[in-house]
Structure formats: structure tokens, C-alpha cells
Amino acid sequence: MKRGDRRDVVRGGGVVALLAARGARTHRRAWAAVFAALALGSLLLGTLGLAAGSAALGHARVERYAGADAVVAGTQSTRYTAKPWGSEARTVRAGLTERVRVPARALEVVRQVPGVRAAVADVAFPVTVRGSAATGRPWEATRLASAPTRLLEGQPPGGAREIVVGEGVARAGDRLSIAYGKGSATDTHTYTVTGVSADARRTVHFSRDEARRLAERAGRAGELDAIGVLADSGVPDDVLRTRVRHALDAAHLRDVSAPHRAADDPARLRVLTGDARGEAEFLAAAPARMPLLQVLASLASVVVLVGVLVVTSTVAQALRQRARELALLRAVGATPWQLRRAVGREVGRIAILAAVVGAVGAVPAYLALRALLVGRGAVPEGLELPFPPWLAAAPLGTAGLMVLIAWLTALGCCARAARTRPAEALREEVPGSARQLTGCVLLGLGAASAGAGALQHGAAAAAAASASALTMVIGCALLGPWLARGAMRVLGAPMRRLGVGGRLAASACTANAARLGAAITPVVLVTAFVLVQLAGGATLGHEAAAQARAAARADVAVSGPGVPYDAVERIRRLPGVAAATAVAHGTVVVPGKELGEPSLERLPVLGVTPRSLARTLDPAVREGSTDGLRPGTVAVGTDRARTLGVRPGDHVKLRFGDGAEARLRVVATYERALALGDFLFSYEELTRHMSAPPPVRVLAALAPDASPTSLSTAFPGARVERDPVPERVRAEDQALGDVLTAVAVTAIGGFTVIAVLSTLTLISVGRGPELRQLRLAGADRRRLRRMLLLESAATATAGLSLGTATAALPLLAFALSAAGRLPWLPPGQGALIVAVVVLTTASATLLPARGALRGRYPVATR
């Protein structure tokens with residue numbers, strides 16, 4: 001390269017740096033909006049990145065088995081293999097939330113493994129102490145904790161009729177009657193309390209042999225919850241795990257659910273070490289990690305899409321205001337390359353600073369989000385979300401993503417400005433036909449997606465509604481100028497009847513359709529997205545609550561620790577009780593396909609005693625009868641029955657919470673599935689597949705002249721509710737979805753408020769000369785203020801109307817498919833959306849115009 005060429009390059013670089021520095025100082029107000037949008041985007045993405053990283057590292061807390069070197073447990077997952085359309089077979093997996101047990105003969109196999117010092121069996125079974133439900137365990141299993149269970153008084157149980165109870169239940173030396181067994185085999189014996197422990201109040205410890213006998217009476221014959229392995233000194237965990245694994249495989253041992261599992265669902269015993277040991281205790285922790293990651297990924301994608309739209313809008317509006325300046329620079333010799341580099345440097349400086357600010361704030365924001373999730377019960381008990389120091393650097397990666405988005409957006413928006421001639425910069429850009437065609441195509445695709453969602457069920461319908469809303473919002477953004485003209489044809493006539501200010505506002509909006517379209521777009525964005533996010537969940541919740549109220553027929557509900565497991569039969573025999581129903585909540589896993597892909601859907605369900613069910617809990621039976629509910633049968637909600645193509649007399653195949661597959665005969669279909677779940681089982685059928693008997697809750701209908709006093713007398717420690725809370729199933733991740741939906745709505749609202757403020761502020765700043773000319777022409781401040789107010793009202797009205805119309809189609813399809821009713825939104829939330837939009841548009845229009853309206857006569861400004 002010649003010396004003269006090198007000097008030109010250096011000189012050109014200096015010009016670029018000068019232009020970037022001067023532009024950043026001169027247009028501080030425009031770049032302030034970009035800074036706010038990028039900082040918020042970096043903050044949100046950094047927070048979600050930290051949450052996703054913490055969830056990926058998450059594990060079940062190790063408590064009961066913290067003193068064991070390894071734990072042998074059943075396979076707490078189920079698999080399903082199917083062949084998608086035109087592809088090879090695929091396998092999906094879902095976690096199981098009910099305990100899968102270990103065969104008792106595995107205990108001797110583990111004890112013979114070299115390096116194993118001891119193998120301790122742990123088993124839990126239901127007992128009743130002084131009329132209250134409790135859990136029995138062997139005292140020997142307390143060796144598996146990190147520290148032995150502390151005895152407050154007395155000594156461990158040694159004989160068959162000796163027990164240790166929790167503090168406050170009894171004292172050492174007392175004698176207690178313990179009821180145990182299952183169903184008609186229930187029996188009662190008196191035990192001597194040899195010690196009082198600091199363990200849980202509702203846990204009773206027995207000797208090893210007595211615990212094994214009582215577990216067999218409770219239907220746990222030949223089954224263990226887990227086996228804790230204590231290793232010899234110096235045996236590494238990985239060596240111990242390998243040896244135990246080989247021994248179990250050589251003995252051909254599988255978990256106890258193996259004979260009942262599907263053919264493609266293996267039942268291999270697991271050997272857990274390290275943090276994985278907690279999975280044998282907190283069963284819901286591991287299955288909750290994947291839904292948490294999926295929700296966080298979905299939320300992050302929405303934040304990225306909305307952030308791109310907002311950043312693009314703010315950068316484009318900032319450069320649109322400088323079109324004449326950039327054209328003038330072209331006229332005096334600046335090359336397109338220099339303009340692009342100058343604008344790129346301007347945005348780069350702002351973006352890097354904003355992204356770093358957002359990344360720094362992501363750490364406290366994540367800690368606040370985690371505290372919120374834990375406080376609202378959205379994180380299952382026992383799930384640990386670690387936060388190692390190195391994870392704090394993750395927001396730097398998301399900050400880099402936001403910088404890249406801003407830089408590419410600036411280059412794209414600057415492309416036209418760099419090619420613009422000075423004469424062309426003096427007139428407003430006329431949108432091309434390609435933009436109009438693209439917008440129409442996107443609206444059509446959004447409508448088609450909404451139609452497809454109407455034919456789907458569950459998660460597929462929700463995904464189709466979200467995709468439809470996003471596609472239609474982008475289509476509205478592209479069609480902004482044409483939609484603005486259409487809106488002004490509707491709003492222009494009434495505005496012109498409001499005096500001089502109204503005529504000025506109508507003329508200004510009609511003459512600058514592109515400007516009005518740019519102002520309307522972020523309002524459409526916030527309205528559509530927030531409506532879809534809020535109204536979708538609100539519609540399902542509102543309909544489910546209505547169905548639960550309609551299904552409630554019981555006069556009282558008996559629940560609490562003072563209710564024994566056989567309470568329903570005892571309540572039925574009480575005078576004045578017309579009907580009694582025991583209710584249990586559980587889960588099932590339904591294999592199937594969604595959009596051609598194999599899926600395993602975990603659903604909340606109810607188990608009930610069917611005798612006189614309609615008098616206590618009416619599911620609104622449509623076909624068949626729930627009187628036939630017994631083991632081997634099931635009632636199905638009408639929507640699910642339609643999806644599965646079954647009617648009474650047909651069979652459905654599903655998997656219970658412990659992985660056992662069952663082929664059940666359908667005895668009825670019912671309407672109130674949103675409240676009572678898609679499947680209704682007999683109480684005996686559902687509870688036989690549960691880890692432990694659920695907390696007892698009995699719904700009772702009383703005779704006309706009866707009083708619930710007899711129930712309180714019969715069960716002194718129970719809680720007797722008059723007009724009880726309606727029975728209703730809830731998805732396991734409902735609390736998580738509620739919290740993260742609120743976070744998503746807040747994030748989208750923050751983004752779009754920034755977009756509305758920045759867009760309207762930049763528009764108002766650019767209209768300074770226009771407002772001063774109007775004042776010189778005789779328009780007073782009151783009329784101009786009225787004009788600006790009417791313009792902001794037109795913007796808010798058009799944006800809210802278009803946003804509502806954009807959200808209406810996907811919401812309608814989703815609501816009709818999932819709830820069978822029109823969409824519903826709480827009035828307070830709707831009023832809040834309108835108030836935020838109106839206040840934002842009014843303040844962004846009036847505040848920047850104060851300079852042009854100040855003083856008796858307008859003054860010249862530079």
C-alpha cells in the first residue's frame with residue numbers, strides 16, 4: 001500500500017471516530033432510549049441465563065441418605081418410543097413422582113459386594129397413632145443420615161413391641177396403641193415407647209424386624225424404599241458404584257414395577273452417589289428440572305424476540321430523525337462506509353455500556369427471582385438450585401448477544417440512510433409493496449396458526465396461540481403505515497368535530513401515516529403480547545374455578561392429621577351423614593403424539609370412592625356412570641375422550657405415577673375435567689400406585705337436619721370445614737408458570753413502555769419546528785396542547801384496538817379448544833393495560849413538546 005493511501009485510510013478512521021463522538025453527544029436523547037432498551041434486555045437475558053444455568057446444575061437435596069456412600073433405588077422415570085412422521089423411531093422420557101421400589105432380595109446381593117461395610121434397608125409404611133396418621137420406619141435406617149438421629153430421652157427400640165416417637169407425642173415409658181395394616185386387614189397393637197427423638201413429629205420408628213413385618217401388612221411385602229450402602233474406608237464412590245452396579249446386573253434384579261411396565265420402558269435399578277443420592281428421597285425434585293428449563297427457554301425466546309423488535313424500533317426511529325443530517329454528510333463527501341462505521345461506533349459505545357450495566361444487575365435480579373420462586377412454592381421441596389461463583393460470569397455472554405443485536409440493527413437501519421441523496425432526505429419515505437405483501441402474508445400465517453391451535457389440545461394449543469400472536473404482531477408492524485391510514489379514516493371524522501385542535505390532530509395524523517404507524521406499533525406489541533400471556537391462563541383458571549364450584553356438593557370436609565386412613569367408612573356410619581367420599585390427588589403419565597412427535601404428558605388426576613359420588617362431588621357425567629369405578633376402570637373427561645377417540649366400554653392405556661402401565665376400561669365421560677382432571681379413578685386404584693397414603697380428605701353430605709358436630713366429636717384432631725373449598729386439581733408446575741408468566745408480562749411491559757416512550761419522544765422532538773410554525777401561524781398553546789392530547793388519544797386508541805384484534809384470534813382459538821368458552825381477562829388487569837398505554841402515550845407526546853409551547857411567542861432554536 002502506498003504512503004498516500006495509508007494516510008487516507010488513517011484520515012478516514014479519524015473522521016469516523018469524530019462523527020461517532022459528535023453524534024453520540026448531539027443525540028443523547030435518542031440514544032438514551034436505546035440504552036434503556038439494551039440495559040433491560042441484558043438484565044432480563046442475564047437473569048434468565050443464570051436461572052437456566054442454576055436449574056441445569058440443580059439436584060435433589062441430600063438429607064436422609066447423606067451418611068450413605070451410595071443408595072440403590074428404583075428407576076424414577078418412564079420412557080416411550082414412537083416413530084414420528086417420515087422419520088426414525090424416537091424415545092422420550094418423563095420423570096415419575098411416586099416411589100418406584102427395590103426388591104427386598106437386592107439387600108443380600110449388595111451386602112456381598114466387595115468393599116461394602118453395611119447395607120441398610122429403608123422402608124416407609126402408614127400407621128395410625130392416637131387417631132392421627134403417621135409414617136413408620138425402621139430405626140436402623142437412621143444410620144444413613146449424616147448424623148444419627150438424636151434421642152431426647154430413652155433408648156432405641158430393641159424388641160418387637162418397642163418404638164421411638166417424635167417429641168410431643170409421648171414420653172419414654174408410655175404405652176401407645178398403633179393401628180397398622182391395609183383395608184380390612186387393619187390391626188391394632190400396644191407398643192412401649194422406649195425413646196423420644198428429635199425426628200419428625202409424625203414419624204414412628206420400629207425395630208428392624210417389626211418394621212419389616214408391618215411393611216408386609218401394609219402391602220409392601222418383598223419391597224424396600226431404598227438401600228443405603230456404607231463402604232469400607234478408602235473405597236472411592238465411582239469404584240463402589242461400579243461394583244454394586246455389576247452385582248445387581250449379574251443377579252438380574254429390576255425394580256418391583258418391572259412386571260407392570262411397558263415393553264419399551266426398562267426398569268433397571270439405579271446406584272446413586274454424590275448429589276444424586278437426594279433423588280431417592282425427594283422424588284419431585286428431579287422431574288421438576290426439565291419443565292423449569294423448558295419454561296425458562298420459552299421465556300428467554302420471547303424476551304429475545306421482543307427485545308429485537310424494541311431495539312430495532314428505537315434504533316430505526318433514532319436514525320430516521322437524522323436522515324437529513326446523514327444526507328448532508330453524504331453531500332459534503334462522507335462515504336457510505338464512513339457513515340456505517342460512524343453509526344456502528346455510536347451504537348457500539350452505547351450498547352457495550354448498557355449491556356455491562358444490565359449484566360451487573362442480573363446477579364441480584366436472579367437472586368430476587370429465586371427467592372420469589374421459593375416463596376411462592378414454585379420450586380418443589382428438596383430441589384437445590386446451586387449458584388457457584390463462576391456462574392456469575394454467564395450474563396457477560398447474554399450481554400454480548402445484546403451488543404451484537406444492536407450493532408446489526410444499526411447497520412441494517414443505516415443502509416438506506418447511507419444511500420440516500422440530499423434531495424430524497426427532505427421527503428418522507430413511502431413504504432414499498434414488498435413490505436405490504438410481507439405483512440399480509442404474516443397476518444395470514446398467524447390466522448392459519450390460530451386455526452391449527454383450535455384443533456390441538458394442551459401444550460400444543462398454547463404453543464400455536466403464542467406463535468400466532470407473534471406472527472400477527474410482526475405483520476402489524478410491517479403494515480403500520482397502512483393500518484395508521486385505516487385507523488385515521490375511522491377516527492378522523494369524530495376528531496374533526498372537536499374544534500380546531502381536533503382538526504389539526506386529524507390532519508397531522510393523516511399526513512404522516514408512517515410516523516403514526518411507528519408510534520402505534522409498540523402499543524400493538526404490548527397489548528397483543530400481554531393479552532395473550534394474561535388472558536390465556538386467566539381463561540383456563542376462571543373456567544376451572546367455575547367448574548369446581550359447580551361440582552361441589554358436599555356440606556363439610558374432614559381433613560388434617562387427626563383423620564385416620566379408614567375415616568371414610570367411619571364417617572358413613574355416623575348419624576346424619578347422607579354420603580361420604582374420600583378424595584386423593586395423584587398423577588398419571590399419558591403416552592401419545594403431539595404434532596407427530598412422541599410425547600409423555602404428566603397430568604394431575606383424582607381418585608374417589610364412587611359410592612354416592614354425585615351427592616358430594618358431581619363431575620357432570622355425560623355418558624355412562626361413575627358407579628362402576630373400581631380397580632381396572634376409569635372415567636375420562638369429554639375433551640380427552642374426544643382426543644383419544646374413546647367412549648364408555650372402550651379401553652385406554654396409561655401409566656401411573658410409579659411407572660406401572662395399565663389398560664383400563666372407560667365407564668363414563670364427564671364435563672368438568674378442568675376442575676377434576678382428565679381422568680377419574682377409584683380411590684383404591686390410584687392410591688395403590690402412590691408412594692404413601694395421601695393426606696386423608698373426606699367430603700360429606702349431611703341430612704337436612706344434621707349437624708357437623710358429630711364429625712368433630714368422632715375425630716378430635718381433625719379439621720372440619722363447613723362449605724369446604726371446592727375440589728380442584730392443579731398441575732405440578734402451575735405455581736412455576738404463574739410466577740414466570742408474571743415475570744414475562746413485566747418484562748414485555750417494560751420493553752414496550754420504553755419503545756413507546758422513545759418512539760413518541762423522538763417523534764415529538766422532531767416536530768419542534770412544526771409546532772413553532774403553528775404558533776407563529778396563530779395557534780395558541782391551549783389549542784396545540786389539545787391537538788397533542790388528541791393525537792396521543794388516537795395513537796392509544798388505534799394501538800389498543802389493533803393489539804386487541806391481533807390477540808383476539810389466537811386467544812379465541814385457544815380458549816375454545818382448551819376451555820370451551822370465550823376468552824376472559826380480569827377487569828382489573830384489562831384496566832391496568834389501558835391505563836399504562838394511555839399514560840405512556842400522553843406523557844411521551846406532551847413532555848417533549850414543552851419547549852415549543854413555552855412562552856408567549858416561540859423563539860428560534862438551533
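All values reported here derive from a predicted model rather than from experimental measurement.
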Just wondering, do [Y] and [X] contact through their side chains at under 4.5 Å, heavy atoms?
X: Leu385; Y: Tyr366; result: yes
X: Ile227; Y: Leu224; result: yes
X: Leu214; Y: Glu210; result: yes
X: Leu96; Y: Pro287; result: no

Whether the side chain of [X] engages the backbone of [Y] through a donor-acceptor N/O pair (distance < 3.5 Å, no angle test) should be reported.
X: Glu281; Y: Arg64; value: yes
X: Thr587; Y: Gly657; value: no
X: Ser691; Y: Arg99; value: yes

Is the ring pair [X]/[Y] parallel, tilted or perpendicular, if the boundaries are 30 and 60 degrees?
X: Phe206; Y: Phe125; answer: tilted
X: Trp139; Y: His205; answer: perpendicular
X: Tyr180; Y: His189; answer: parallel

Any chance the side chains of Thr78 and Asp265 put a donor and an acceptor closer than 3.5 Å?
->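 Yes.
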Heavy atoms of other groups near Arg117 CZ, more than 12 under 6.0 Å |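 Counting neighbours around CZ of Arg117, more than 12 heavy atoms of other residues, nucleotides or ligands fall under 6.0 Å, so yes.
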So does Glu381 have more than 12 non-hydrogen atoms from other groups sitting under 6.0 Å from CD?
->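 Not buried by this count: 12 neighbours or fewer within 6.0 Å.
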Out of Thr75, Asp255, Asp249, which residue meets the side chain to side chain donor-acceptor pair (under 3.5 Å) rule with Arg268?
->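 When side chain to side chain donor-acceptor pair (under 3.5 Å) is applied between Arg268 and each of Thr75, Asp255, Asp249, only Asp249 qualifies.
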Please determine if Arg277 forms a cation-pi arrangement with Tyr65, meaning its NZ or CZ atom is less than 6.0 Å from the six-membered ring centre and no more than 45° off the ring axis.
->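 Because its charged atom misses either the 6.0 Å distance or the 45° angle limit, Arg277 does not stack over Tyr65.
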Evaluate the side chain to side chain contact (heavy atoms under 4.5 Å, CB included) criterion for residues Leu664 and Phe681: first the C-alpha distance (whole Å), next the side-chain angles of each, then the deciding distance (0.1 Å), finally the verdict.
-> CA-CA 10 Å; Leu664 305 173; Phe681 299 89; 3.5 Å; yes
What residue among Val204, Leu151, Val196, Val193 forms side-chain contact (heavy atoms from CB on, under 4.5 Å) with Val164?
->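 Passing option: Leu151.
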